[in-house]
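Order of the sequence lines fixes the chain letters, A, B, ..., with proteins taken first and strands second; residue numbering starts at 1 for each chain.
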Protein chains: 2
Amino acid sequence: MAKTEIHKKTGYHHGDLRGELIAAARQLIEEHGPDGFSMSDACRLAGVSTAAPYRHFSSKQDLLSEIAKDGLNRLGIDMEARASKQARGTVQSIAAMGRAYVAFARREPHTFRLMFSTMSHHDRIDELKQVGRGSYGVLLREVANYLGEPDINETVLRTSFPLWTQVHGLSFLAIDGKLDVTEFPVDIEDSILIATERLLPSVP
Amino acid sequence: MAKTEIHKKTGYHHGDLRGELIAAARQLIEEHGPDGFSMSDACRLAGVSTAAPYRHFSSKQDLLSEIAKDGLNRLGIDMEARASKQARGTVQSIAAMGRAYVAFARREPHTFRLMFSTMSHHDRIDELKQVGRGSYGVLLREVANYLGEPDINETVLRTSFPLWTQVHGLSFLAIDGKLDVTEFPVDIEDSILIATERLLPSVP
DNA sequence: AACATATGTTAGCAATGGTAACATAGTTAG
DNA sequence: CTAACTATGTTACCATTGCTAACATATGTT
């Protein structure tokens with residue numbers, strides 16, 4: 001079945017062109033941005049003809065969507081991992097998720113932008129939205145825990161949203177090099193902690 | 001001199017091609033996004049050959065930068081206008097600026113994205129940063145007023161930054177259609193007011 | 001009137017996303 | 001084992017795009 005086989009180039013068939021194209025695309029996108037990225041480049045890097053990708057992706061957008069989806073998944077995993085190093089359901093664990101969010105954006109700015117630019121993904125919006133919801137759920141559960149709520153109710157949702165907004169904005173400002181427009185050194189870690197404290201209602 | 005003349009097509013010379021190209025580009029960008037925008041389209045819309053723009057703009061990027069710059073300017077003007085309808089130096093006037101910010105993003109999402117996507121503007125980053133600083137100053141002055149600070153000192157800067165971050169994040173989530181990921185109806189106006197209240201220190 | 005400058009045109013280039021027709025490898029049926 | 005089928009690759013080609021070069025026309029200055 002679809003087990004991850006060893007990549008055996010027969011010279012004609014490639015082995016795992018789909019995976020290799022995704023890898024190549026991710027690399028190129030982080031180097032030159034999603035706009036500067038071309039299918040042709042990815043093909044050159046993977047060592048195949050420019051027509052080959054269309055056996056695996058219906059279009060350039062389709063490939064980009066795949067990368068966005070993967071990114072959204074990894075973001076959720078990162079957040080959970082970072083939070084799990086703190087006492088659960090605390091300001092600290094929630095702030096840790098925020099740090100993971102911004103850290104992801106700074107580590108892979110172009111992928112991050114891709115993950116959230118709806119305009120690009122005509123076709124697979126619903127699929128991406130689903131994956132996004134999954135990663136957002138990681139935050140929701142942490143906030144529910146903090147609030148002592150038994151499940152994801154409206155209170156949890158209303159509390160979580162401004163937290164998301166905050167780190168999302170911070171991420172974009174950071175990757176777009178707007179932090180020095182503020183004319184004073186912004187410490188990102190501090191910003192996240194302070195905003196998290198202010199936006200969370202104090203809880204017993 | 002460079003006064004805005006009536007646009008007289010002689011049939012060959014155009015009158016104000018530069019201005020018309022900017023207008024055409026703005027229209028096309030809001031219709032199809034900055035990626036879907038092509039120089040050729042703008043030329044067709046302006047009724048000139050595809051080589052004509054290069055007498056007025058060194059490249060496609062240069063034209064886009066011009067539009068970004070104009071957008072940043074208009075954003076600052078919008079913010080000032082909306083704030084001036086409130087009592088100055090209050091939570092209300094600051095929230096009004098936030099509303100103007102998000103409203104701009106929703107009204108011209110593609111231009112908004114362009115305004116903040118550093119990656120695109122290789123050449124004119126410094127110029128754009130300068131204009132951006134100008135518009136940011138509108139918020140800074142309002143916050144200084146609120147805090148009773150005589151000038152833009154570090155306290156003002158530290159207070160203003162999370163406010164910017166918040167509305168910036170909200171703007172992006174809104175234009176990227178991510179508000180329904182939260183599974184509950186987000187009232188944008190409310191969100192802004194609540195976040196502004198929480199992020200501003202209470203002041204006598 | 002003559003010249004310099006600004007601004008437009010046509011012709012053409014290389015790169016790109018995508019398709020069609022063909023080639024080859026791996027898989028399954030008889 | 002071979003034949004047929006399917007999956008996956010290739011070459012050839014197309015329209016579009018950003019941009020440049022060489023040429024044409026208008027405007028303004030002297």
Test log, rule side chain to side chain contact (heavy atoms under 4.5 Å, CB included), inputs B/Y136 and B/L72: CA-CA 9 Å; B/Y136 189 42; B/L72 286 170; over 6 Å; no

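- Distance, B/L28 CG to D/dG18 P: 11 Å, rounded to whole Å.
- Taking atom CG of B/L64 as the reference point, atom P of D/dT17 lies 15 Å away to the nearest angstrom.
- Remark: A/R107 engages A/D78 in a salt bridge (charged side-chain N to carboxylate O under 4.0 Å, His left out) (not counting sequence neighbours).
- In this structure, NE2 of B/H56 is placed 17 Å from C1' of D/dG18, rounded to the nearest angstrom.
- As a whole-Å value, the separation of A/L21 CG from D/dT8 P is 12 Å.
- Taking the salt bridge (charged side-chain N to carboxylate O under 4.0 Å, His left out) definition, one finds that B/R82 meets it with nothing, sequence neighbours left out.
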statement: Protein-proximity profile, nucleotides 11-17 of chain C, B/S/- by nucleotide at the 4.0 Å heavy-atom cutoff, equals -----SS

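- Contacts of B/K129 classified as salt bridge (charged side-chain N to carboxylate O under 4.0 Å, His left out), with partners at least two apart in sequence or in another chain: A/D180.
- Residues in residues 136-145 of chain B take part in these salt bridge (Lys or Arg N to Asp or Glu O under 4.0 Å) pairs, two or more places apart or across chains: B/R88-B/E142.
- Counting only residues at least two apart or on different chains, the salt bridge (Lys or Arg N to Asp or Glu O under 4.0 Å) pairs with a member in residues 94-104 of chain A are A/R99-A/E189.
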